Protein chains: 2
Amino acid sequence: MNKFSVIYETLKKKIDQGDYLQTMMLPTEAVLVEEYDCSRNTVRRAISQLIDEGLVYSVKGRGVVILEKQNTDELLLNLSNFNGIQALNSNQKIDYQTKVIKFTKLTITDELHQLTSFPIGTEVSYIERVRIVNEKRMVLDINYFRTEIVSGLTEEIAKKSIYHYIEKDLGVKISTSRRHLKVEGATELDTLSLDLQEYNCVGIISNWAYTDMGKLFEYTESHFIPDTFAFVELSTKR
Amino acid sequence: MNKFSVIYETLKKKIDQGDYLQTMMLPTEAVLVEEYDCSRNTVRRAISQLIDEGLVYSVKGRGVVILEKQNTDELLLNLSNFNGIQALNSNQKIDYQTKVIKFTKLTITDELHQLTSFPIGTEVSYIERVRIVNEKRMVLDINYFRTEIVSGLTEEIAKKSIYHYIEKDLGVKISTSRRHLKVEGATELDTLSLDLQEYNCVGIISNWAYTDMGKLFEYTESHFIPDTFAFVELSTKR
DNA sequence: GAGTGGTCTAGACCACGGT
DNA sequence: CCGTGGTCTAGACCACTCC
């Protein structure tokens, strides 16, 4: 464990325990340097992580202010979670079923290029899957995987975890991903595949994932039903 | 302008111009130190910003990989933007109208505490406003402002920008905010206030904002109609 | 083994807040 | 004015990638 991570974890726990309730401020950097016997940069790095997380806010000349607590809502997903819907599973110990409803190969046309950002002519695996939680069809995943990078995909693999296959079996390293979130009217496919009940809209997360060589290898849309998911985001002043 | 910001901006421009197309890598840190005549930490800080933004990805032992470009979609809002719906205005030069439909004071009950996180008994201004863009009622804002901090609110101010009043007139410094995003069925208020057409769902952004003293001073829900907004988010491997 | 990024140190100077 | 956080430097050692 990195030194700065240890300091970060410790501070986080102390904030949580209410150790700083009197002042609602962190100790000054100088004090923390003394306390953890490290350089100022290391303390600052730990504090940066707390700032990124929205737990504290730093004011030049005054100190690091602890933000008032907010009610925690256990049902939240963080959009930054790497494994999207898998996170639901691990966090909340609900297991879900996956049904593959389409599995084929496509070549990227101009229209698909607009949607996916893959270069025109790229060959991709196209997969439609439905995620069923407690017998409710909650999420429709539409995947486009670049076959040049993700080869040997089968319907069997798609039933389990494609990411596990990509990372563990193919040894592809995943670096980073960009996501969009929007609300749209339900398509015919949505209505057929999901338990929308009376609703006629879906939430859509679009996800572009890159290998550690900087190549786009996946575009995925996850269509989810209303009332079930929420996403968190933080923002800090400029 | 900070040194690291200059380096960041320069690198970003060069990436955009395709200056690094041959390798799809940034120059090594050592080269950049030379080029910008600065310390390694400063270069690293500039690169961190590019990583945070999802433009590049760093691999230990190899270098900093530039990620393939993604189609840009002009209609995107960044959830991290501080001013929420105001951003729409400035980015896209559409001006919008604001209609105040309710303006009153409330005391936080147990139920409202669950929703807003304000302590029970706190006095707040409660405001409902509709944002009309191109004659379409697109967003319903429901605000709760802590009167202890945001005093002297009037309906006149609510018609314009409450944030401008808070920051410029009251001199309250805003530090940070947390946001949630979810999709829910439309309430009766939504149906009455928004041009939902055939849709029966809304997107909801919940926003908790803090002063630079760490006090929660605002809770706001923005209900928006489907098909009009999208939000961006980045995630990088642990 | 050479070269790369990741962590950490010790110290300097500046800008801002509160008194 | 003093104490605070913000920026920047110069150098050290480690862990990883690639040849």
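In what follows, every chain begins at residue 1, and chains take the letters A, B, ... in the order their sequences are listed. Quantities reported herein were computed from a predicted structural model and do not represent experimental measurements.
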Check against side chain to side chain donor-acceptor pair (under 3.5 Å), B:E128 and B:Y126: CA-CA 7 Å; B:E128 291 170 3; B:Y126 175 85; 2.6 Å; yes
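- Taking atom OH on B:Y57 and atom P on D:dT17, their separation rounds to 10 Å, with Å as the unit.
- Taking 4.0 Å as the cut-off between side-chain N and carboxylate O, B:E29 and B:R44 count as a salt-bridged pair.
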Check the interface with nucleotides 11-14 of chain C: list each N/O to N/O pair with the protein under 3.5 Å, or write none.
{"from": "C:dA12", "atom 1": "N6", "to": "A:R40", "atom 2": "NH1", "distance (Å)": "3.2"}

Steps toward side chain to side chain donor-acceptor pair (under 3.5 Å) verdict (B:N143, B:R129): CA-CA 8 Å; B:N143 304 92; B:R129 292 181 292 177; 3.3 Å; yes
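- Aromatic ring pairs are classed by plane angle as parallel below 30°, tilted from 30° to 60° and perpendicular above 60°; the pair B:Y219 and B:Y144 is tilted.
- Between the CG atom of B:L32 and the P atom of D:dT9 there is a distance of 13 Å, rounded to whole Å.
- Checking B:T28 against A:M1, the closest nucleotide of DNA chain C that is more toward the 5' end is the one next to B:T28.
- Taking a cutoff of 4.0 Å between a charged side-chain nitrogen and a carboxylate oxygen, B:K12 and B:E9 do not qualify as a salt bridge.
- Residue A:M25 contributes atom CE, which lies 11 Å from atom C1' of C:dG18 at whole-angstrom precision.
- Near DNA chain C, meaning a heavy atom under 4.0 Å away, there are no residues from residues 4-21 of chain B.
- When distances are taken from the side chain of A:R45 to each of C:dT7, D:dT7, C:dT9, the shortest belongs to C:dT7.
- Going from atom OH of A:Y36 over to atom P of C:dA10 covers 18 Å, rounded to whole Å.
- For the 3.5 Å distance criterion, the side chains of B:N207 and B:T220 fail to qualify, holding no donor opposite an acceptor.
- Distance CD1 (A:I47) to C1' (D:dT4): 11 Å, rounded to an integer number of Å.
- Toward the 5′ end of DNA chain D lies the nearest nucleotide of B:S39, the other residue of the pair B:V59 and B:S39 mapping further downstream.
- For C:dT7, the OP1/OP2 oxygens have no side-chain nitrogen or oxygen of A:T42 closer than 4.0 Å.
- At the phosphate of C:dG3, neither OP1 nor OP2 sits under 4.0 Å from any side-chain N or O atom of B:R62.
- For D:dC18, the OP1/OP2 oxygens have no side-chain nitrogen or oxygen of B:K60 closer than 4.0 Å.
- Between B:S58 and C:dG6 there is a side-chain N or O to OP1 or OP2 distance below 4.0 Å.
- Taking side-chain N and O atoms only, B:K3 has no distance below 4.0 Å to OP1 or OP2 of D:dG6.
- Taking 4.0 Å as the cut-off between side-chain N and carboxylate O, B:D19 and B:K13 do not count as a salt-bridged pair.
- Within 4.0 Å (heavy atoms only), B:R44 reaches at least one base atom of the nucleic acid.
- Note: CG (B:D37) to C1' (D:dA10) measures 13 Å, nearest angstrom.
- A:R45 forms a cation-pi arrangement with A:F4, by the criterion of a distance under 6.0 Å to the ring centre and an angle within 45° of the ring axis.
- The interatomic distance linking A:E34 (CD) with C:dT9 (C1') rounds to 15 Å, in whole Å.
- Summary of the strand contacts: B:M213 and B:L26 both lie near DNA chain C, and taking for each the nucleotide with the nearest heavy atom, the more 5' one is attributed to B:L26.
- Of all heavy-atom pairs between B:L216 and B:F118, the closest is O-CE2, 3.5 Å.
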Working for side chain to side chain donor-acceptor pair (under 3.5 Å), residues B:T98 and B:R131: CA-CA 5 Å; B:T98 297; B:R131 313 293 196 162; 2.9 Å; yes
